[in-house]
Amino acid sequence: MIDQRFNPKDHEQRIYQRWEEAGCFKPSGDTSAQAYSVMIPPPNVTGSLHMGHALNHTVQDILCRFERMRGKNVLWQPGMDHAGIATQMVVERKLAAEGNQSRRDMGRDAFINKVWEWKEESGGQILEQDKRLGSSMDWSRTKFTLDDDMSEAVTKVFVDLYNYGLIYRDKRLVNWDPHFETAISDLEVETKEVDGHYWHLRYPLADGVTYEHPAFDEEGEPAGIETRNYLVVATSRPETMLGDTCVAVHPDDERYRGLVGKFVDLPIVGRRVPIVADEYADPEKGSGAVKITPAHDFNDFEVGKRAGADVLNILTSKAAIVGGDEAEAAGIPEQYIGLDRFEARKAIVTAFDELGFLQEIEKLKIEQPVGDRSGSVVEPWLTDQWYVDAATLAQPSLEAVQQGKTKFVPENWDKTYYNWMNDIQPWCVSRQLWWGHRIPVWFGPSFETFEAFENSKREDESFDLGVTVNANISNTSGVKYFVAATSEEALAQARSYYGDGVSVALSENDDPAIRFAFNLKAGTRSVKLLQDADVLDTWFSSALWPFSTQGWPNETDNLKAFYPSAVLVTAFDIIFFWVARMMMMGIKFMDGEVPFKDVYIHAIVRDENGKKMSKSEGNVIDPVDLIDGIDADALVAKRTTGLRQPEKAPQVEKETRKKYPKGFEAYGADALRFTLAAMATKGRDINLAVDRVAGYRNFGTKLWNATRFAQMNEATFGQSLNPQDLELSVNKWIVSELYKSTTAIVDALEEYRFNDAAAAIYKFTWDILCDWYLELSKPVLMGDDEAAKAETRLTLGWVLEQTCAALHPFSPFITETLWEQTGERTDFLMQQTWPGLDGGWGDEAAADEMNWVLRTISEIRSVRSNVNVPASAKVPVSLLDANDETAKRVEAHRDVICRMARLDRLALAKAAPDGAVKTVVDEATLVLEVAEFIDTSAEVERLSKTLDKLNKEIGGLSGRLGNEAFVAKAPPEVVAEQRIRLAELQGTRDKLSAAREQLSS
RNA sequence: GGUCGAUUAGCUCAGCGGUAGAGCACUGCAUUGACAUUGCAGGGGUCACAAGUUCGAACCUUGUAUCGACCA
């Protein structure tokens, strides 16, 4: 006999270990079977399991377990992402906290070693947590995006794309994160609305020019015209004026028409800059004149280009004001050099104020771009970076979705994908970080550069020139790129490029410069190649995940079997980051074949109020806490650490204690998984309510207890059952119902309707199996018809096993435990065949018969309750007007009806005794002889209420059927159906109304 | 500003042309033997609003309002 309760802690980890040891997670390797593969979205190595992962992984695990049971050769590929910025940040913080040298002091190699050490010690805890969830990934194949074989794939893709002309180096404004001192892609920039200011600055006109401008009085009312010798520009970033190289006004703006072509004398720096006409200037916004800083604003860059204006850089990589040559070029006074941008802002505003050039400070909301990892304000900055020609790669990826080669589920996400793909910008893939795939490019001087220097330095006997190519310095012109998988290949390319007279070698570690030299006397020329210091965007390697994990570029069996994958499961927030890029790379490198056939986009898990779960908001529900339980104090402690606003801790505590006064119980992984599946609808958000987890834990308990009941009644487990051999209607019926439910689950899962699948197994288990079948079987199991008993024991055991099988993908632990503990098992439930795979089985006659039994019992119970017959009272019931079939059914099921409806007698009769309560089931009238309990007037009232409802519905139906247009135009089956229903309702109405007549007389 | 989406029972959400559903919460009744992590019965909804299409609209179309997400 199984325990009284299922205690998840006693079984989950034990069962998981058994599965893993038995190799249950590995692909069957049966190549005759259909392959089914799912690649996990590799979580960050720094990550820990949050609710989003839990949903994501539950969905994948349900699919994988289901398809395994359907006999497919299933691979669920695990792995992790090295997560460049995130990881580097974590390790840098840790080093700082431990009082270590900074990354730059330590040097590149030493730092990377530290990161690897950290990774081995603390990275990847999410994968361990995944085991708690029951994820059936094949751990023996776990990949890490920085593994050697993965890096090989990354390098090859980079080199090939370069050779196809799809990767190029370009000098453009890039989003620069001054905190990490790296470029980031457009996608890594978030726009935040913050309180800011518009400073209205006066730029004096040069050469004594004046113009007429509408004037306003102190209330802002128009007050004629005034003569101005200055132009007002409004800016949220006054410090950038140091780099202004023109001022733009709209060509149609009457106010400034006469000023186009004139100049302003830029205060502080004393530069004379032109006033140009450009449609970018919005007459409605601010003063209508806009200062243009081409080096520090994307729009200004374009305006500057159109106007032929200079580009003056004024910021360092840390977003401080530049010094040196650049300061000189921009005319930046000494006192500003080295100031942080926000300090510089104050200083510039003060300076304008002192000069009398600060006209107004306007408070308003401004849109501020911030780095998604650092949270610091991103600066557009002019640098040389590597770009992927995304637009070219996007085209076939767009077409693949349009042609249905890859389908989005729900399908409306394809619009999001199209919008992005149609407007895709070059993808900046180089990052000025250390943790990542080193870009496989070596720099040397271009041949022309070399010769030009050589010629200009002829008189020197020897010459040694360094050209730094660090991206921080924005000049790499005159550089030749050797793009190669290995340094040997790069050297070979260089030797062939420079010719025999030049000796080529690699530069020493950490030398930040390309070096080349010649020596006339000795007749030697030499070049030292410098490998690009940068690494690739993390998403570059994730984009290759579907094939790089399977051994590409080698043509492996895995690649053949498991590419393309069946489905990619993810949330919508990484459609751009990841899905789109996998499509591009997959199609490009896998002969046009898409990386996955379906993309299932699931919702984002929020807290029960619909807020995004966030550690900094203190509203996180940790999946493992729902599995293992957590007391209120520990939960509060967890939620009040790491708050964005620590002063909110008392409020967070109050809310947490109010909502979860006892913390969370240990609901177990099954309950959590089932909840997530039940809530995985095709909507956008899931608001996770802990109550529901409790409810689905109860569901597990229900099944557990049903099994205990079966054991107590000597149900037989581990036997096969042929539905054709069944004799009893009740057994035929439950098997039919089982197959109906498993079919519904299959249909739902094939369409990714996880909520419908979960609802189907829930309803079958609880409402049909437990509430009805178990009760219906009791008279048989406790009776003395040995044949019927044996058949019912067999059916009961078998149906429970099949139920466990159908529930297994959702709730693997409790079902596997039940399987293990109800028989001598030589294998696992997770290896069993899905119920009804060879086609279901149904028995309509048995279903009709049992449905009549169910209706009859329900009807009697309902009447009893309505007229307040005490639950303990056993009442006699007779049936009037029963036809032959009903009479037979009464004979067959009298015992069970009496038991379940609490009757002391059920008999056919010709007339009703006085004071009886009547109700109708089909053609027959049920007469409850409960005169002693009822109050006639209450009963008349009850009947009247029922009759009102009936009449209303009958009215609606007959009205519809009386409508010629309906009869003529609606589908015949609908008309027929409604006619039948009308007839039924009328029959019932007539009988009940007769019953009422009788009572009232 | 553009795009996508939401508005259904007290709450969280399904349903998306043919009798308004689930879970939780609520009400009444039930307590020896599967299960109180329970059973039985029940109350509760002009499906945001307006117009249109249709024999028929929660569902399709258009508009309005409110809320949200993403992209500028």
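So that the names make sense, note that chain A is the first sequence line, chain B the second, and so on, each numbered from 1.
Looking at residues two or more places apart in sequence or on another chain, you find no salt bridge (charged side-chain N to carboxylate O under 4.0 Å, His left out) involving A/Asp414. For A/Glu379, the salt bridge (charged side-chain N to carboxylate O under 4.0 Å, His left out) partners at least two apart in sequence or on another chain are A/Arg237, A/Arg341. Listed by chain and number, the residues in a salt bridge (charged side-chain N to carboxylate O under 4.0 Å, His left out) with A/Asp297 amount to none (sequence neighbours excluded). Partners of A/Arg697 under the salt bridge (charged side-chain N to carboxylate O under 4.0 Å, His left out) rule, at least two apart in sequence or in another chain, are A/Glu665. Listed by chain and residue number, nothing satisfies the ring-ring contact (aromatic ring centres under 6.0 Å, His included) test with A/Trp772 (two or more places apart in sequence, or in another chain).
Across all strands, A/Glu665 comes closer than 4.0 Å to no nucleic acid atom at all (heavy-atom distances). Residue contacts for A/Lys778: at a heavy-atom cut-off of 4.0 Å it reaches a base atom on one of the strands shown. Residue A/Glu775 is in base contact, counting any heavy-atom pair closer than 4.0 Å across all strands shown. Using a 4.0 Å heavy-atom criterion, one finds that A/Asn713 contacts no nucleic acid atom at all. Looking at heavy-atom distances under 4.0 Å, A/Leu774 makes contact with a base.
Sorted by first and then second residue, the pairs that involve residues 852-863 of chain A and meet salt bridge (charged side-chain N to carboxylate O under 4.0 Å, His left out), not counting sequence neighbours, are A/Arg855-A/Asp922. Pairs of residues two or more places apart, or lying in two chains, that qualify as salt bridge (charged side-chain N to carboxylate O under 4.0 Å, His left out) and include a residue from residues 743-753 of chain A are A/Arg70-A/Glu750, A/Glu751-A/Arg753, A/Arg753-A/Asp756. Pairs engaging residues 957-979 of chain A under the salt bridge (charged side-chain N to carboxylate O under 4.0 Å, His left out) rule: none recorded [sequence neighbours left out]. Applying the salt bridge (charged side-chain N to carboxylate O under 4.0 Å, His left out) test to residues at least two apart or on different chains, the pairs with a partner in residues 764-777 of chain A are A/Glu775-A/Lys778.
Taking the nucleotide of RNA chain B with the nearest heavy atom to each of A/Ser858 and A/Glu977, the more 5' of the two is matched to A/Glu977. Looking at which nucleotide of RNA chain B each of A/Asp756 and A/Arg861 is closest to, the 5′-most match is held by A/Asp756.
Listed candidates were B/A36, B/G39, B/C4. Nearest to the side chain of A/Arg5 is B/A36. Listed candidates were B/C40, B/C29, B/A34. Nearest to the side chain of A/Ala871 is B/C29.
When each of A/Trp427, A/Trp420, A/Trp413 is checked for a ring pair (Phe, Tyr, Trp, His ring centres under 6.0 Å) with A/Phe576, only A/Trp420 meets the rule.
A sub-4.0 Å separation between OP1 or OP2 of B/C16 and a side-chain N or O of A/Arg753 is absent.
Of the residues in residues 696-707 of chain A, those with a non-hydrogen atom less than 4.0 angstrom from any atom of RNA chain B are A/Arg697, A/Asn698, A/Thr701, A/Lys702, A/Asn705, A/Ala706.
In this structure, A/Tyr696 has its ring center under 6.0 Å from that of A/Tyr762.
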Where each pair must be Watson-Crick or G-U wobble with both distances under 3.5 Å, what dot-bracket representation of RNA chain B is obtained, with crossing pairs in [ ] and other-strand partners as |? (((((((..((((....[..)))).(((((.......))))).....(((((..]....)))))))))))).
Would you list the protein and nucleotides 55-59 of chain B atom pairs, both N or O, that sit under 3.5 Å from each other?
residue: B/C55; atom: OP1; partner: A/Lys969; partner atom: NZ; Å: 2.4
residue: B/C55; atom: O2'; partner: A/Asn963; partner atom: ND2; Å: 3.1

